[in-house]
Amino acid sequence: QVQLEESGGGLVQAGGSLRLSCAASGRTFSSLTMGWFRQAPGKERAFVAAIRRSGVTYYADSVKGRFTISRDNAKNTVYLQLNSLKPEDTAVYYCAAKTETALYYSPYYKTSYDSWGQGTQVTVSS
């Protein structure tokens with residue numbers, strides 16, 4: 001099991017930026033696929049971005065070109081840079097981790113992930 005702790009959320013105006021961080025402990029970080037999901041009130045938790053241990057990245061269409069996921073294996077931390085924020089980006093953002101195995105899994109599906117953080121609120125005002 002991996003312990004995850006998100007930080008960096010807050011209130012920002014439309015067009016602004018935030019950087020979310022997720023610190024991991026309990027497993028070899030470099031062996032993990034890391035993902036970010038978000039959940040708005042009354043909606044399902046939805047995929048935002050993911051990064052494999054190889055550095056390959058994946059993004060939801062709604063955030064491509066605005067959000068950037070990155071990882072620092074020396075700091076056991078994954079980041080999500082949020083630029084050009086829109087009110088519809090308002091949600092609780094969750095960090096997730098999946099130990100990579102030889103078995104196929106999709107980084108887009110929340111059911112692929114083994115561990116979750118508590119979430120951090122991002123609110124974008126218009």
Side-chain angles (χ1 to χ4, degrees):
Q1 195 77 347
V2 181
Q3 290 75 49
L4 303 171
E5 183 171 1
E6 304 97 334
S7 61
L11 173 63
V12 64
Q13 289 189 331
S17 297
L18 285 172
R19 188 175 82 155
L20 307 184
S21 299
C22 173
S25 61
R27 278 288 173 95
T28 303
F29 181 76
S30 60
S31 69
L32 301 173
T33 289
M34 300 299 297
W36 286 97
F37 288 74
R38 66 186 180 185
Q39 188 165 17
K43 294 191 176 182
E44 295 281 328
R45 190 171 298 189
F47 172 78
V48 175
I51 184 166
R52 290 190 187 265
R53 61 180 183 176
S54 64
V56 173
T57 58
Y58 307 83
Y59 295 96
D61 288 343
S62 58
V63 307
K64 278 181 185 176
R66 300 190 299 123
F67 292 7
T68 303
I69 189 170
S70 61
R71 64 192 298 158
D72 185 335
N73 289 340
K75 295 183 177 180
N76 291 353
T77 300
V78 63
Y79 304 98
L80 187 68
Q81 178 69 41
L82 291 66
N83 295 332
S84 303
L85 281 161
K86 305 175 182 180
E88 51 264 43
D89 295 317
T90 295
V92 178
Y93 283 70
Y94 295 91
C95 176
K98 193 269 184 298
T99 302
E100 291 196 10
T101 69
L103 299 176
Y104 172 79
Y105 66 95
S106 170
Y108 294 97
Y109 297 159
K110 54 182 180 287
T111 54
S112 294
Y113 294 84
D114 307 311
S115 303
W116 292 85
Q118 293 300 306
T120 185
Q121 177 70 47
V122 172
T123 303
V124 185
S125 63
S126 57

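Only this structure's heavy atoms are used, side chains among them; waters, hydrogens and symmetry mates stay out.
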Establish, yes or no, whether a centroid distance under 6.0 Å links the rings of F47 and Y58.
no
Can you pull out every side-chain hydrogen bond (donor to acceptor under 3.5 Å, both in side chains) where at least one residue sits in residues 4-26? Sequence neighbours excluded, please.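 Of all non-adjacent pairs touching residues 4-26, those that pass side-chain hydrogen bond (donor to acceptor under 3.5 Å, both in side chains) are S17-N83.
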Q) Yes or no on side chain to side chain contact (heavy atoms under 4.5 Å, CB included) for F37 and V92, after CA distance, side-chain angles and deciding distance? A) CA-CA 8 Å; F37 288 74; V92 178; over 6 Å; no
- Do C95 and W36 pass the side chain to side chain contact (heavy atoms under 4.5 Å, CB included) test, and can you show the C-alpha distance, the side-chain angles, and the key distance before you say yes or no? CA-CA 5 Å; C95 176; W36 286 97; 4.1 Å; yes
If I compare all heavy atoms of [X] with all of [Y], which pair ends up nearest, and what's the gap?
{"X": "E100", "Y": "T33", "answer": "OE2-OG1, 2.6 Å"}
{"X": "K110", "Y": "W116", "answer": "O-CZ2, 3.5 Å"}
{"X": "V122", "Y": "G9", "answer": "CG2-CA, 4.2 Å"}
{"X": "L4", "Y": "A24", "answer": "CD2-CB, 3.6 Å"}

Pairs meeting criterion salt bridge (charged side-chain N to carboxylate O under 4.0 Å, His left out) with involvement of residues 73-83, two or more places apart: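 Listed by first then second residue: nothing to list.
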### Message
Pair R38, L80 - check side chain to side chain contact (heavy atoms under 4.5 Å, CB included), show working.
### Response
CA-CA 12 Å; R38 66 186 180 185; L80 187 68; over 6 Å; no
One should read off an interatomic distance between D114 CG and T99 OG1, to the nearest 0.5 angstrom, of 5.0 Å
Quick check for you: to the nearest 0.5 Å, what is the distance between Y93 atom OH and F67 atom CZ?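 Result: 4.0 Å between the selected atoms.
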D89/K86 under salt bridge (Lys or Arg N to Asp or Glu O under 4.0 Å): CA gap, chis, key distance, verdict
CA-CA 5 Å; D89 295 317; K86 305 175 182 180; over 6 Å; no
Taking it one step at a time, do Q121 and L11 satisfy side chain to side chain contact (heavy atoms under 4.5 Å, CB included)? CA-CA 8 Å; Q121 177 70 47; L11 173 63; over 6 Å; no
